[in-house]
J.: 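Submitted below is the structure of interest, expressed as structure tokens.
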Amino acid sequence: QVDLVESGGGVVQPRGSLRLTCAASGLRFTTYNMGWFRQTSEKEREFVGHISWSGAINYSGNVQGRFVLSRDTNMNTVYLEMNNLKPWDTGVYYCAARSSVKTSRYDVPADYDYWGRGTQVTVSA
């Protein structure tokens, strides 16, 4: 059984930082590309970033230069370091896994095979 568990969310002031963690189990981690998405009650699920099995990284324009993705293959874990947070970064952040054999766009939620339950991030003064 595949399980993705996010952690590290919380409440932070604008310009603050948080580090999210996604721990994966039940899958062959090195054959999956990993994505982060976020969602609020007013918006559809929004792409944040993607890291491939080989370490290639893509970010959405909204977070480029502020967020940093990394993965630890030995620990089956993906990290999302979020810096200079803005109020509009508020939302539930989801980790997702997509088989590396897929060649379609990495920013499409429907193309991911597994999802975590999410962790809430609130940026507020």
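As the structure is a prediction and not an experimental result, all values here were calculated from the model.
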J.: Answer yes if Ile57 and Met34 sit in the same cluster of Ile, Leu, Val, Met, Phe, Trp and Tyr residues linked by side chain heavy atoms under 4.5 Å apart, and no otherwise.
T.: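 The answer is yes; both residues are in one hydrophobic cluster.
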J.: Would Leu80 and Val121 show up in the same hydrophobic cluster when neighbours are defined by side-chain heavy atoms closer than 4.5 Å?
T.: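 Yes, it is one cluster - the side chains of Leu80 and Val121 are joined through contacts under 4.5 Å.
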J.: Find out whether Tyr59 and Val68 are in side-chain contact, i.e. whether some heavy atom of one side chain is under 4.5 Å from a heavy atom of the other.
T.: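 Yes, their side chains come closer than 4.5 Å.
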J.: Just verifying a value: how many Å separate Asp89 CG and Asn62 CG, rounded to the nearest 0.5 Å?
T.: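 The CG atom of Asn62 is 8.0 Å from CG of Asp89, to the nearest 0.5 Å.
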J.: What I'd like to find out is whether the side chain of Arg38 reaches to under 4.5 Å of the side chain of Val63, using heavy atoms alone.
T.: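 Arg38 vs Val63: side chains touch.
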J.: Using a 3.5 Å distance criterion without hydrogens, assess whether the side chain of Gln39 forms a donor-acceptor pair with backbone atoms of Gly91.
T.: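 No, the answer is negative, given that no donor and acceptor are paired below the 3.5 Å cut-off.
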J.: If we count only N and O atoms by modelled type, under 3.5 Å, do the side chains of Ser54 and Ser52 hold a donor and an acceptor together?
T.: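 Ser54 vs Ser52: donor-acceptor pair found between side chains.
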J.: Give a yes or no on whether Val2 and Ile51 share a hydrophobic cluster (residues Ile, Leu, Val, Met, Phe, Trp, Tyr; joining criterion: side-chain heavy atoms under 4.5 Å apart).
T.: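 Val2 clusters together with Ile51.
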J.: What's the shortest heavy-atom distance between Leu27 and Ala97, and which atoms?
T.: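 Nearest pair, atom of Leu27 first, then Ala97: CD2-CB, 4.1 Å.
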J.: Does Trp115 reach the side chain of Arg45, with side-chain heavy atoms less than 4.5 Å apart?
T.: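 Sidechains of Arg45 and Trp115: in contact.
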J.: Drop me the distance from Arg19's CZ to Met82's CE, to the nearest 0.5 angstrom.
T.: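 One finds 11.5 Å between CZ of Arg19 and CE of Met82.
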J.: Would you name the heavy atoms of Cys22 and Leu4 that are closest together and state the gap between them?
T.: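 Minimum heavy-atom separation between Cys22 and Leu4: SG-CB, 4.2 Å.
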J.: Taking side chain as C-beta onward, heavy atoms only, is Tyr32 less than 4.5 Å from Ser100?
T.: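 Tyr32 vs Ser100: side chains apart.
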J.: Is the charged tip of Arg71 near the ring of Phe29: under 6.0 Å from the six-membered ring centre and within 45° of its axis?
T.: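 Geometry flag: set, cation within 6.0 Å and 45°.
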J.: Can you tell me how far CZ of Arg66 sits from OG of Ser17, rounded to the nearest 0.5 angstrom?
T.: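 Ser17 atom OG to Arg66 atom CZ measures 10.0 Å (nearest 0.5 Å).
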J.: Flag the pair Arg98 and Asp111 as a salt bridge only when some basic side-chain nitrogen lies within less than 4.0 angstrom of an acidic carboxylate oxygen.
T.: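 Asp111 and Arg98: salt-bridged.
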J.: Return yes if some donor-acceptor pair links the side-chain N/O of Thr40 with the main-chain N/O of Lys43 below 3.5 Å, else return no.
T.: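 Between the backbone of Lys43 and the side chain of Thr40 there is a qualifying donor-acceptor contact (under 3.5 Å).
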J.: Going by the ring-ring contact (aromatic ring centres under 6.0 Å, His included) test, name the single residue among Tyr106, Trp36, Phe67, Phe37 that passes it with His50.
T.: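 Of the listed options, the one satisfying the test is Tyr106.
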J.: At their closest point, which heavy atom of Gly116 faces which heavy atom of Tyr94, and how far apart are they?
T.: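 Scanning both residues, the minimum pair turns out to be O-CD2, 3.6 Å.
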J.: What's the spacing between Asn76 CG and Asp3 CG if we round to 0.5 Å?
T.: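 Spacing of CG (Asn76) from CG (Asp3) equals 12.0 Å.
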J.: Would you say the side-chain atoms of Glu6 pair up with the backbone N or O of Thr119, donor to acceptor, closer than 3.5 Å?
T.: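 Not at all, since once roles are kept as given, no pair shorter than 3.5 Å links the two residues.
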J.: Check whether more than 12 heavy atoms from other residues, nucleotides or ligands sit under 6.0 Å from atom CH2 of Trp53, and answer yes or no.
T.: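 Counting neighbours around CH2 of Trp53, 12 or fewer heavy atoms of other residues, nucleotides or ligands fall under 6.0 Å, so no.
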J.: Looking only at heavy atoms, what is the nearest atom pair of Pro14 and Ala125, with distance?
T.: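 Heavy-atom minimum between the residues: CD-N, 3.7 Å.
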J.: How many angstroms lie between CD in Glu46 and CG in Asp107, if you round to the nearest 0.5 Å?
T.: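 Spacing of CD (Glu46) from CG (Asp107) equals 10.5 Å.
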J.: Could you tell me if the side chain of Leu85 sits less than 4.5 Å from the side chain of Gln13, heavy atoms only?
T.: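 No. Closest side-chain heavy atoms not under 4.5 Å.
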J.: Please answer: with hydrophobic residues joined when any side-chain heavy atoms are less than 4.5 Å apart, are Val92 and Val12 in the same cluster?
T.: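 As far as the 4.5 Å side-chain criterion goes, Val12 and Val92 are not connected within one cluster.
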J.: Find the distance between CG (Asn33) and OH (Tyr112) and round it off to the nearest 0.5 Å.
T.: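 The CG atom of Asn33 sits 7.5 Å away from the OH atom of Tyr112.
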